[in-house]
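Everything quoted here is computed from the prediction, not taken from an experiment. Each ligand, and each atom within it, is numbered from 1 in the order the structure gives.
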Amino acid sequence: MKVSVVKETAPGERRVALVPEAVSKLRAAGLGVLVESGAGDRAWHTDDSYSDADATVVSRADALAADVVLMVGKPDAATIAAMRPGQTIIGLLAPLTDPDLTASLAAAGVTALSMDMIPRTLPRAQPMDALSSQANIAGYKAVLLAATQFGRFFPLLITAAGTARPARVLVLGTGVAGLQAIGTARRLGALVSAYDVRPETKTEAESVGATFIELTSVGPASGEGGYARALTEDERMAQQQELAGHISRHDVVITTAQVPGRRPPLLVSEDALKSMAPGSVIVDMGASPLGGNAAGSVPGETVLTENGVAIIGASGLPSSMATAASAMYARNISALLLYLIKDGELALDRDDELTAGVMIATGGAIVHPALTAADQISRSDTTTGPSSAGQPDEGAARAVPGSPG
Ligand code: NAD
């Protein structure tokens, strides 16, 4: 069986699905590995380094003819058009927020396995958890971006030229990215507070050095699978208002809040922004075309408010550390691949919880139960942009189209 790695086509994407070390492991397991020429260039892996690891460096057309095509992100239309029924594609396909892509893959007759659908709480899935590996990188890089933008020190500094007080950093959302952000900001010497709507994260946040903030106006909002549930309108308003008081007392706010398959919740309102001191910094890791965790954030841009608050719309953070991100992702995707292979061939057992969890399309149909639920964000919604208030509701948008067949 041949697996291949193609060069990512998304603008600004620097990661690659396999690094040479992972190629060696797959070769040792008896797989043929094809790598599109230049696929690893932007993560500093040359064609020669793949050849040395016993991969065959090929054209894109040849790579796209492999039995299994490995990617980091989503395939573009030309990539899907070049594939044939019966092939398998594995990548971060974001089916909950891009159902149209899943429909295209099903229509092409390929089997699509999405790395972001791995059931993360299954112990055997831990080595495959690409959401966690990439969120770790994003949380780390978000703090570095904040420290670079911030006009003062993060640590307490006592020098002959005066004393600098430590920066006060607030991390909103203490999942994987938030916990890494807390740890990184602490290592830089900042005083760190944190908040999450899932109260069970308190001990985790405290264990990496944050003071946990508990809101009195919003109760626990733990949802399914260890994630948060979407808040009601009343809860959202109460949360924003109470958070605003805390936000105004911080120099740097890093927001990481997500609810799977939904728009990111707005945590830093216009009023909260106005209450912050000039020179304060927000890093919004939820920044998206639909709006992010902070009012007015723009993905990929730094916006300066009238009162001098910089809002960094942090998108593509894992890609900005492409070598580390690719190494981790390669381990995740290789672990999944090796798990799915029996006697040198892909053996997709849909009675297996892990396999069924990642499979979104096969045999011309969309097959994942979550994709037939009526509460996903559609691609058409993402093109409408934020509401006039600058932030749409975080609620559901429209039903995912069913199987194209
Ligand atoms: P995520 O990226 O979906 O969300 C980030 C954080 O935002 C979460 O902690 C969530 O509670 C928080 N959040 C959402 N809405 C919020 C709001 N309105 N206000 C404040 N905070 C809000 O989550 P993630 O980091 O990918 O993972 C979340 C959790 O999933 C983990 O903390 C863990 O419990 C679980 N998980 C488990 C495993 C495992 O069992 N091995 C692996 C990975 C993740």
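For Glu200, no heavy-atom contact with ligand 1 is shorter than 4.0 Å. At a heavy-atom cutoff of 4.0 Å, ligand 1 is contacted by no atom of Leu131, backbone or side chain. Only the side chain of Ser132 comes within contact range of ligand 1, with a heavy atom under 4.0 Å; no backbone atom does. Only the side chain of Leu231 comes within 4.0 Å of ligand 1, counting heavy atoms alone; its backbone N, CA, C and O stay farther away. If you look at Gln239 next to ligand 1, the close heavy atoms, those under 4.0 Å, all belong to the side chain. Only side-chain heavy atoms of Asp129 come within less than 4.0 Å of ligand 1; its backbone N, CA, C and O stay farther off.
Under a 4.0 Å N-O distance rule, the pair Arg15/Glu13 qualifies as a salt bridge. Electrostatic pairing of Asp129 and Arg331 does not count as a salt bridge here, judged by no charged N lying under 4.0 Å from a carboxylate O. Checked for salt-bridge contact, Arg165 and Asp251 meet the test: a charged N lies under 4.0 Å from a carboxylate O. With salt bridges taken as basic N to acidic carboxylate O contacts below 4.0 Å, none links Glu204 and Arg198.
Using bins of under 30°, 30° to 60° and over 60° for the plane-to-plane angle, the ring pair His45/Tyr50 lands in the perpendicular bin.
Those atoms of ligand 1 that come under 4.0 Å of a heavy atom in Gly226, given as number and element, are 28 (C), 29 (C), 30 (O), 34 (O). Heavy-atom proximity to Tyr195, at under 4.0 Å, picks out these atoms of ligand 1: 19 (N), 20 (C). Less than 4.0 angstrom separates some heavy atom of Ala228 from each of these atoms of ligand 1: 10 (C), 11 (O), 13 (N), 14 (C), 15 (N). Atoms of ligand 1 found under 4.0 Å from any heavy atom of Leu267 (numbered from 1 in listed order, with element): 17 (C), 18 (N), 19 (N). Of all atoms in ligand 1, listed by their number and element, those nearer than 4.0 Å to a heavy atom of Val176 are 25 (O).
Partners of Asn332 by side chain to side chain contact (heavy atoms under 4.5 Å, CB included), not counting sequence neighbours, listed by chain and number: Met115, Ala130, Ser133.
Taking any N or O of Gly173, backbone or side chain, none lies under 3.5 Å from an N or O belonging to ligand 1. For ligand 1, the polar-atom distance check finds an N/O of Gln126 within less than 3.5 Å of one of the ligand's N/O atoms.
By the 4.5 Å heavy-atom criterion applied to side chains, Thr174 and Phe212 are counted as neighbours. Looking at Val309 and Ile282, their side chains come closer than 4.5 Å, going by heavy atoms from C-beta outward.
Among Ile118, Asn136, Thr121, Asp196, the residue whose heavy atom lies nearest to atom 12 (C) of ligand 1 is Asp196. Of the candidates Thr174, Val197, Asp116, the one placing a heavy atom closest to atom 16 (C) of ligand 1 is Val197. When Glu204, Arg198, Arg236 are ranked by how near their heavy atoms come to atom 32 (O) of ligand 1, first place goes to Arg198. In the candidate list Leu172, Thr256, Leu122, Thr256 is nearest to atom 5 (C) of ligand 1, counting heavy atoms. For atom 4 (O) of ligand 1, the choice among Arg262, Gln258, Arg120 with the nearest heavy atom turns out to be Gln258.
One side chain, Asp76 or Thr79, offers a donor N or O that lies under 3.5 Å from an acceptor on the other.
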Could you walk me through whether Ser193 and Arg168 pass the side-chain hydrogen bond (donor to acceptor under 3.5 Å, both in side chains) check?
CA-CA 8 Å; Ser193 305; Arg168 281 189 292 256; over 6 Å; no
Test log, rule side-chain hydrogen bond (donor to acceptor under 3.5 Å, both in side chains), inputs Tyr140 and Arg187:
CA-CA 11 Å; Tyr140 168 82; Arg187 286 193 288 276; over 6 Å; no
